[in-house]
Amino acid sequence: MAILEIKNLKAHFHTRRGVVKAVNGISYSIEPGQTLGIVGESGSGKSVSQLSYLKLLPSPPLKIPEGEVLFHGENILAMPEERLRTIRGNKISMIFQEPMTSLNPYLTIGSQLIEPLIIHLKKSKRDAWKEACAALSRVGIAEPEKAMKSYPHEFSGGMRQRVMIAMALTTRPEILIADEPTTALDVTVQAQILDLLREIQKETQMAIILITHDLGVIAGLADKMVVMYAGRIFEEGPVEKIFHQSEHPYTRALLRSTPRVDVLQDKIPVIGGSIPDLSQVGQGCPFYERCEFRTDICQSTFPTSRKIAHNHETFCHVEKFQ
């Protein structure tokens with residue numbers, strides 16, 4: 001049974017240039033113990049789709065004109081702010097994308113780590129301190145007691161990233177939203193963090209929503225994946241199915257542009273063009289101008305879902321690629 005269901009979610013920014021449709025009607029679900037990977041280029045709506053329903057973006061300019069986000073069957077979008085506060089940072093926790101700016105520069109690492117434990121789990125300051133030290137140690141920070149008394153500016157980007165991961169995991173959330181969780185980490189530490197997430201997930205059946213550009217991380221950690229472009233979902237299905245039988249030109253282009261160690265590549269292919277202005281997107285497929293397989297209908301009509309196999313669907317008019 002799904003722990004989180006997103007149904008036709010739309011998140012629009014009302015600006016002087018017009019309405020920017022950052023998220024334009026997406027639907028998917030995730031079950032306990034499952035890892036869902038969300039991939040796509042910068043500006044495709046991956047992060048906004050999560051930040052919007054958790055009300056972590058200013059409103060206005062953000063408005064959510066349609067959609068439901070059901071957490072254990074309860075619509076988050078209809079919750080009063082007080083109720084949402086008991087869930088956000090507790091039942092649903094998030095590792096933010098920018099470790100250099102996500103921590104408060106005026107507070108010590110320790111004071112920021114113990115806050116969710118005191119507020120959500122009602123721990124005493126002493127017990128919260130002990131748990132926070134253990135969390136820092138678990139993410140590979142040496143001398144956690146000393147680190148707790150330090151300020152964010154005394155840490156490198158990678159160290160701050162580990163602090164953010166520790167903070168997100170202290171409350172043992174039911175859902176962890178990890179937005180580029182390994183961006184500032186070197187390869188060896190990245191592997192340690194991913195192993196840690198797997199271990200905690202196995203212990204607690206925590207669901208993970210993993211937002212990343214790194215298809216290698218998706219391949220190693222995710223069970224299923226969603227491919228987003230220009231605020232829409234283009235393909236969804238089990239990771240193995242999409243990697244070996246992708247059925248959308250955009251997904252195929254993303255996979256081709258990923259460096260490979262098993263193939264000699266003089267030059268890595270790139271996707272020509274760029275994501276369109278989301279305040280000017282029409283009724284057709286937003287990938288039309290960049291797609292090598294486009295047809296006339298693609299320009300005027302966004303495709304409906306086409307089922308490829310069990311739990312694997314795509315949104316594309318083209319059924320056979322040359």
Side-chain angles (χ1 to χ4, degrees), residues 3 32-33 50-51 54-56 71-72 76 79-185 188-209:
I3 186 174
Q50 306 303 313
L51 295 169
L54 290 175
K55 298 183 181 177
L56 292 172
F71 177 62
H72 289 300
I76 291 177
M79 286 180 183
E81 183 64 29
E82 287 186 13
R83 169 68 177 142
L84 181 57
R85 282 192 197 128
T86 66
I87 293 174
R88 185 177 57 209
N90 182 22
K91 301 296 184 182
I92 302 177
S93 196
M94 188 164 186
I95 302 170
F96 293 97
Q97 186 174 358
E98 297 291 342
M100 303 301 282
T101 58
S102 297
L103 292 168
N104 190 324
Y106 296 103
L107 299 176
T108 63
I109 296 297
S111 62
Q112 295 181 68
L113 274 172
I114 67 175
E115 184 179 17
L117 292 167
I118 293 172
I119 292 174
H120 294 299
L121 302 186
K122 310 302 180 187
K123 298 278 185 180
S124 68
K125 190 172 181 179
R126 186 174 183 175
D127 289 343
W129 187 272
K130 286 182 180 179
E131 288 198 27
C133 285
L136 287 180
S137 180
R138 201 169 191 185
V139 296
I141 292 183
E143 300 183 274
E145 283 280 356
K146 181 180 178 181
M148 290 280 283
K149 298 173 184 176
S150 302
Y151 286 87
H153 73 269
E154 298 177 75
F155 282 9
S156 66
M159 292 279 279
R160 293 188 213 186
Q161 184 77 356
R162 284 189 253 184
V163 170
M164 292 298 301
I165 293 169
M167 187 183 299
L169 294 173
T170 51
T171 58
R172 295 281 174 143
E174 293 182 46
I175 300 174
L176 175 67
I177 301 169
D179 192 354
E180 299 284 2
T182 56
T183 299
L185 306 178
T188 53
V189 176
Q190 181 183 101
Q192 291 170 8
I193 294 300
L194 294 179
D195 286 342
L196 172 62
L197 293 179
R198 288 191 200 96
E199 182 185 333
I200 293 175
Q201 186 177 49
K202 190 174 181 181
E203 291 173 6
T204 65
Q205 283 297 290
M206 173 180 69
I208 299 175
I209 297 175

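Between I95 and L169, the closest side-chain pair of non-hydrogen atoms is not below 4.5 Å. With contacts defined as side-chain heavy-atom distances shorter than 4.5 Å, the pair E145/W129 qualifies. Residues I87 and L54 fail the side-chain proximity criterion, which asks for heavy atoms closer than 4.5 Å. Counting heavy atoms from C-beta on, the side chains of M206 and P173 come closer than 4.5 Å. With contacts defined as side-chain heavy-atom distances shorter than 4.5 Å, the pair D179/Q50 does not qualify. Side chains of M148 and I114 form a contact here, defined as non-hydrogen atoms less than 4.5 Å apart. Counting only heavy atoms from C-beta outward, the side chains of R172 and E203 approach each other to under 4.5 Å. Looking at I3 and H72, their side chains come closer than 4.5 Å, going by heavy atoms from C-beta outward.
I177 contributes atom CD1, which lies 5.0 Å from atom CD1 of I209 (distance to the nearest 0.5 angstrom). The structure places CG of L194 at 13.0 Å from CD of E199, a figure rounded to the nearest 0.5 Å. Note that CG of L113 is 11.5 Å distant from CG of L107, once rounded to the nearest 0.5 Å. Interatomic distance, F155 CZ to L103 CG, rounded to the nearest 0.5 Å: 9.0 Å. For the atom pair N90 CG and L117 CG, the distance stands at 9.5 Å (nearest 0.5 Å). Going from atom CE of M94 over to atom CE of M167 covers 14.0 Å, rounded to the nearest 0.5 Å.
Nearest approach of G89 to T171, heavy atoms of both residues: O-OG1, 3.4 Å. Pairing each heavy atom of P144 with each of C133, the nearest pair is CB-O, 3.5 Å. Closest non-hydrogen pair, K146 versus S150, comes out as O-OG, 3.0 Å. What you find for T86 and R83 is that their closest heavy atoms are OG1-O, 2.6 Å.
By the neighbour-count criterion of 12 heavy atoms within 6.0 Å, atom NZ of K55 is densely surrounded, having more than that number from other residues, nucleotides or ligands. Within a 6.0 Å sphere centred on CD of E115, heavy atoms belonging to other residues, nucleotides or ligands number 12 at most.
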Open item on the list: Quick one, R138 with E131, criterion salt bridge (Lys or Arg N to Asp or Glu O under 4.0 Å). Give me CA distance, side-chain angles, the key distance, then yes/no.
Closed with: CA-CA 10 Å; R138 201 169 191 185; E131 288 198 27; over 6 Å; no

TODO: List the steps and the verdict of side-chain contact (heavy atoms from CB on, under 4.5 Å) for Y151 and I109.
DONE: CA-CA 6 Å; Y151 286 87; I109 296 297; over 6 Å; no

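For the pair D127 and K130, the salt-bridge criterion is not met [side-chain N within less than 4.0 Å of a carboxylate O]. Comment: R88 engages E81 in a salt bridge, judged by a side-chain N to carboxylate O separation of less than 4.0 angstrom.
Under a 3.5 Å cut-off, the side chain of Q161 and the backbone N or O of P181 do form a donor-acceptor pair.
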